[in-house]
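Worth knowing before you read on, the calculation uses all heavy atoms, side chains too, and leaves out hydrogens, waters and symmetry mates. Numbering of ligands and ligand atoms starts at 1, following listing order. Worth saying up front: this structure is predicted, and the values here are computed from it rather than measured.
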Amino acid sequence: MISFHPPVRTLMGPGPSDVNPRILEAMSRPTIGHLDPEFIRLMDEIKELLQYAFKTRNALTLPVSAPGSAGMEAAFVNLLQRGDKVIVCQNGAFGGRMKENVERCGGVAVMVMDEWGSAIDLDKVEDALKANSDARVLAFVHAETSTGVRNDARALATLARKHDCMTIMDAVTSLGGIEVDADGWGVDVIYSGSQKCLSCVPGLSPITFSARAMDAIRNRSTRVQSWFLDMNLIMDYWGGSSKRSYHHTAPINALYALHEALMILQEESLERAWERHALHHQALVTGLEAMGLSMRVAPTHRLPQLNAVNVPEGVDEAGVRATLLQLYGLEIGAGLGSLAGKVWRIGLMGFGCNQKNVLFCLSALEDTLLSVGAPVTVGRSLSAARGYYTQQSV
Ligand SMILES: *Cc1c(COP(=O)(O)O)cnc(C)c1O
């Protein structure tokens, strides 16, 4: 065997996204102990940077030492006890995982279902809240990565508060790409992931709990079913007091990486990061449409960072992705669930959301579609996208 050297790729799928070299460099610095005072100082800075990213003053704001799925699990196991009723909105793959989590916690999931590719219907959610006045939590996905849909998080959180329900929000793909406003929207638990719009290495899940959620966790009548994810224990390691006690060995170097990723976000500012995602998304869509391709999701609730493109009739969608990877080193995503075989998912996340990637993706896709005889309009896409950029810079 020899050391592993990954091929050079451009990652424009649903995540992971391309990692900024500054972050990889930070990760390669020497490992120190997880109770070293210098490491504790780094943890405090990470908490502060995460509070900026989530737009919150929540004291319990930290990265879970595992990927986004563990953040999801941490939200449910800490907030729920057996028999609790949760209204779960599902309009894609990740809402389905929330249902799994509720049921595995011994809770009762009341499902509000919408089509894959449509947004969550607020009227249906309000009806479910009225019909289930005993529901404790409303759970929803902000950015549905499986379909490219943006759900109206502010309105959903407002509805939940009106009906005295707590909220759990999945912001794995939204954080850093579109607005997330934990305090302004009054969401109780929000979890995210390191490898999407934060462009950090995979394996960490930033999470934040409101004071109301913290109270609920402290006053549980039964223990959290997961020892590893029990926030009552994790608070003693990540907590505000100067005395920190060992819970598990933090992923030291991955946290160097997260610190750098969050610094990069703060240097740019949240607002400018959201604007950059919107700009390159619009340029990509302009180019794709000039090629004769169509978008799956209506413009009003498209995610800039995850673009679902309809696969033209008769085209082998997996074959196209394989060619993009082999010839161009370009990774884009396949459809999931009911959209399998029907869409490609093109990510414009964090560091990878730039003009070079937009133009590269358009040219690689046009060439590949042409080579398989797909009905595409040739030679229009790049100039259309460039035209969009020119128009925006005046
Ligand atoms: C990627 C993703 C997850 C899961 O994150 P992992 O880091 O893969 O565990 C959860 N929810 C959404 C919306 C995602 O896009």
Between side-chain atoms of residues 100-113 and protein atoms elsewhere (two or more places apart, or another chain), which donor-acceptor pairs fall under 3.5 Å?
from: Glu100; atom 1: OE1; to: Arg104; atom 2: NE; distance (Å): 2.7
from: Glu100; atom 1: OE1; to: Arg104; atom 2: NH2; distance (Å): 3.0
from: Asn101; atom 1: ND2; to: Arg97; atom 2: O; distance (Å): 3.0
from: Glu103; atom 1: OE2; to: Lys99; atom 2: NZ; distance (Å): 3.3

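- Within a 6.0 Å sphere centred on CD of Glu313, other residues, nucleotides and ligands contribute 12 heavy atoms or fewer.
- Proximity of a side-chain donor or acceptor of Arg220 to a complementary backbone N or O of Asn78 within less than 3.5 Å is detected.
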Atom pairs, nitrogen or oxygen, ligand 1 to protein, under 3.5 angstrom:
from: ligand 1; atom 1: 7 (O); to: Gly68; atom 2: N; distance (Å): 2.9
from: ligand 1; atom 1: 7 (O); to: Gln195; atom 2: NE2; distance (Å): 2.8
from: ligand 1; atom 1: 9 (O); to: Gly68; atom 2: N; distance (Å): 3.4
from: ligand 1; atom 1: 9 (O); to: Ser69; atom 2: N; distance (Å): 2.8
from: ligand 1; atom 1: 9 (O); to: Ser69; atom 2: OG; distance (Å): 2.5
from: ligand 1; atom 1: 11 (N); to: Asp170; atom 2: OD2; distance (Å): 2.7
from: ligand 1; atom 1: 15 (O); to: Thr145; atom 2: OG1; distance (Å): 2.4
from: ligand 1; atom 1: 15 (O); to: Thr173; atom 2: OG1; distance (Å): 3.1
from: ligand 1; atom 1: 15 (O); to: Lys196; atom 2: NZ; distance (Å): 2.7

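- A side-chain donor from one of Glu45 and His259 sits under 3.5 Å from a side-chain acceptor of the other.
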Using a 3.5 Å cut-off and no angle test, enumerate the donor-acceptor pairs between side-chain atoms of residues 317-325 and protein atoms at least two apart in sequence or in another chain.
from: Glu317; atom 1: OE1; to: Arg321; atom 2: NE; distance (Å): 2.9
from: Glu317; atom 1: OE1; to: Trp344; atom 2: NE1; distance (Å): 3.3
from: Glu317; atom 1: OE2; to: Arg321; atom 2: NH2; distance (Å): 2.9
from: Thr323; atom 1: OG1; to: Gly319; atom 2: O; distance (Å): 3.0

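- In this structure, Val149 belongs to a hydrophobic cluster whose other members, linked by side-chain heavy atoms under 4.5 Å apart, are Val297.
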